[in-house]
Amino acid sequence: MGMEAQKQNREKRNEFRSFSTLVAMLLSDTLKLSFNSKSARKASIIRIVTSVLIFAVLTALGVLFYRLSSMFGIFSLLSFIPEAVPSFLSLVVLVFALINSIVSLVTTLYFSPDNRLMITYPCRGSTVFLARLFVFYIKEVVRLLLSLTPILLSYLIFSSFPWYSYVWLLVSLLLVSAFLVLFSALLSIPGYYVRLFLKRNSLVAFSVYTLLFGGFIGLVGWIISLIPNKIDIFTNFGPYFSAIQSAMKGYRDACWLPYLLTKMMIGSFDGFTIVPFTSQTTILFFIILGITLLLYLFARFVTNRLYLHLASESFEYESVGSLHNAAIKKRPYWSSQLRKETTLFLKNPETFVSLFGTFVFLPIAMALINKIFGAMDTTVLGNMYISSVNLLLILLVALTSNESAAHLYSEEGTAFALNHIYPHRPYYLLLSKLILPALLGVTSILVSGIYYGQINAFKVDSDNLPWVSGNMVTYFVIAI
């Protein structure tokens with residue numbers, strides 16, 4: 001019995017050593033932090049300092065938002081901000097965080113390129129699974145720390161909560177992050193089969209992504225259409241204030257659980273008294289803690305046992321397309337090259353989503369900005385500022401799209417070694433990869449320019465002439 005116990009202890013120490021090694025490797029790759037060399041330490045310090053600055057700036061902007069809202073009495077006649085405001089903002093962040101967590105965890109666990117190496121590591125499969133899950137949890141904590149925490153922390157600072165509320169916010173953040181990750185692990189098994197099906201059926205994946213984007217665009221367009229064509233908040237704020245109060249009351253009634261979750265994380269404040277803990281929030285905390293423990297047990301004893309099988313199956317049979325005979329047709333060079341790039345583009349939905357999402361963001365953002373400012377009675381100088389913001393927004397999106405375009409070249413890096421046998425100049429090969437992204441970009445800018453002209457058609461300049469004309473929009477689109 002003594003030797004058997006020593007053997008088990010030795011195995012546990014070896015597994016823990018393997019777990020620590022895997023965590024260190026994955027953390028270095030996931031968070032891009034490494035202190036092994038001088039250049040790596042410098043890059044890691046810059047990355048940490050940048051993240052801290054981003055966190056500080058977002059928190060300061062949150063405090064400024066709450067102070068201005070209190071100063072102008074937007075959400076309450078009293079000099080405080082109801083919890084419904086940070087609760088709604090937190091709900092938006094958490095919804096996107098949950099969706100991103102599910103998609104990212106499925107990719108990380110089962111479709112990561114380094115799975116071919118990780119599953120051959122001399123340790124148990126459970127060690128690899130737990131190391132991946134732990135590193136993903138750390139990544140999720142960091143992500144929520146930079147997105148969710150500034151919203152709630154700035155509210156605590158603005159409302160002058162006691163010092164222990166800040167500590168409790170961190171504890172609550174760790175619990176919420178664990179719940180999100182373990183809930184994503186629960187859904188990762190059905191998510192794996194959905195992802196595998198889409199991976200093996202690129203046309204279906206393309207259709208699904210297109211429908212999702214179409215639904216998202218329709219939803220955003222509907223929300224933007226709700227903005228009134230004329231906004232006059234300075235002389236007639238009463239109707240807007242009543243609408244805001246009705247919206248907050250509807251949120252508290254319909255989304256009572258996220259509202260209670262926010263109160264659990266930051267406490268309650270009615271403008272006079274701060275109550276860090278209530279019976280409802282305490283019960284909710286223990287309920288979430290209990291569900292999190294159950295989700296961990298499911299991940300430990302169910303998802304863990306399927307991990308190696310699913311992770312290896314995801315790339316074991318990659319070529320599953322049916323074989324069929326097709327006559328080889330001779331086509332013009334431009335036609336064959338365009339056909340080849342279109343096929344690669346459609347068979348890689350991630351590239352399509354990246355480019356399409358970037359260019360769809362442009363008309364949506366411009367529509368929102370111009371809808372808001374277009375409903376205001378701005379001066380000529382204000383119109384110039386708005387036009388400058390639109391131009392900067394277009395240039396920002398164009399700069400962002402360069403990363404996706406560069407990925408089109410880098411993903412075929414090994415193929416460019418065959419350039420010496422390519423029957424045409426490499427210039428044409430490189431240019432052909434920009435055809436589809438250019439079409440998306442031109443369409444995006446064209447739609448944005450036309451919408452900009454329609455919204456600002458009634459505005460005039462100092463000479464009482466139209467501020468935006470058809471020729472101006474045309475020259476603007478051509479110049480971009």
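For F136, the CZ atom counts as densely surrounded, since its 6.0 Å shell holds more than 12 non-hydrogen atoms of other residues, nucleotides or ligands. Enclosure of atom CZ in F96 is not indicated, since only 12 or fewer non-hydrogen atoms of other residues, nucleotides or ligands lie within 6.0 angstrom.
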When you look at R195 and T107, which way does the side chain to side chain donor-acceptor pair (under 3.5 Å) test go after all the steps? CA-CA 9 Å; R195 174 70 183 273; T107 303; 2.7 Å; yes
Please determine whether side chain to side chain contact (heavy atoms under 4.5 Å, CB included) holds for the pair F111 and Y192, giving the CA-CA distance in whole Å, both sets of side-chain angles, and the decisive distance to 0.1 Å. CA-CA 9 Å; F111 295 94; Y192 162 80; 3.7 Å; yes
Could you give me the CA-CA distance, side-chain angles and deciding distance for F285 and W168, then say whether ring-ring contact (aromatic ring centres under 6.0 Å, His included) is met? CA-CA 11 Å; F285 172 79; W168 179 251; 5.0 Å; yes
Check the pair T262, F88 against side chain to side chain contact (heavy atoms under 4.5 Å, CB included), reporting the backbone distance first and the verdict last. CA-CA 9 Å; T262 305; F88 173 75; over 6 Å; no
Apply side chain to side chain contact (heavy atoms under 4.5 Å, CB included) to residues L261 and L91 and explain how you reach the verdict. CA-CA 9 Å; L261 175 65; L91 176 61; over 6 Å; no
As a quick check of understanding, evaluate side chain to side chain contact (heavy atoms under 4.5 Å, CB included) for L98 and L94, giving each step before the final call. CA-CA 6 Å; L98 178 60; L94 288 175; over 6 Å; no
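A distance of 11.0 Å separates CG in L284 from CE in M265, rounded to the nearest 0.5 Å. To the nearest 0.5 Å, the span separating CG on L145 from CZ on R143 amounts to 12.0 Å. Note that the OG atom of S147 and the CD1 atom of I54 stand 12.0 Å from one another [nearest 0.5 Å]. Between I48 atom CD1 and L53 atom CG the span is 12.0 Å, to the nearest 0.5 Å. To the nearest 0.5 Å, atoms CG (L198) and OG (S207) are separated by 10.0 Å. Atoms OH and CD, from Y259 and E83 in turn, are 4.0 Å apart once rounded to the nearest 0.5 Å.
Taking both residues in full, the closest heavy atoms of L58 and L146 are given as CD1-O, 3.2 Å, listed atom of the first, atom of the second, then distance. Shortest non-hydrogen contact noted between S87 and Y251 is OG-OH, 2.6 Å. Nearest heavy-atom pair across S188 and A185 is OG-O, 2.6 Å. Residues S90 and L152 share a closest heavy-atom pair of OG-CD2, 3.3 Å. L156 approaches L169 most closely through the heavy-atom pair CD1-CD2, 3.8 Å. Taking all atoms of both residues into account, the shortest heavy-atom contact from F75 to Q245 is O-NE2, 2.7 Å.
Taking 4.5 Å as the limit, every side-chain heavy atom of K139 sits out of range of all side-chain heavy atoms of T108. Contact annotation: the side chain of V141 never approaches that of V181 to less than 4.5 Å [non-hydrogen atoms, C-beta and beyond]. Counting only heavy atoms from C-beta outward, the side chains of Y166 and I157 approach each other to under 4.5 Å. Considering only heavy atoms from C-beta on, V85 comes within 4.5 Å of F65 through its side chain. Between T149 and T59 there is no side-chain heavy-atom pair separated by less than 4.5 Å. Between L186 and F183 the shortest side-chain heavy-atom distance falls below 4.5 Å. Within the 4.5 Å cutoff, the side chain of D253 has heavy atoms near those of the K249 side chain. With contacts defined as side-chain heavy-atom distances shorter than 4.5 Å, the pair L144/L180 qualifies.
Between the side chain of S70 and the main chain of Y66, no donor-acceptor pair closer than 3.5 Å is present. Judged by distance alone, the side chain of E140 and the main-chain N or O of S101 form no donor-acceptor pair under 3.5 Å. Using modelled atom types, one side-chain atom of S154 and one backbone atom of I151 make a donor-acceptor pair closer than 3.5 Å. Between the S246 side chain and the S242 main chain, a donor and an acceptor come within less than 3.5 Å of each other. For the pair Y155 (side chain) and I81 (backbone), a donor-acceptor distance under 3.5 Å is present.
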In residues 291-305, what donor-acceptor pairs under 3.5 Å come from side-chain atoms, sequence neighbours left out?
unit_1: T292; atom_1: OG1; unit_2: I288; atom_2: O; d: 2.6
unit_1: N304; atom_1: ND2; unit_2: R300; atom_2: O; d: 3.2
unit_1: R305; atom_1: NE; unit_2: F301; atom_2: O; d: 3.0

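In the model, Y137 has no side-chain atom that pairs as donor or acceptor with a side-chain atom of S177 under 3.5 Å.
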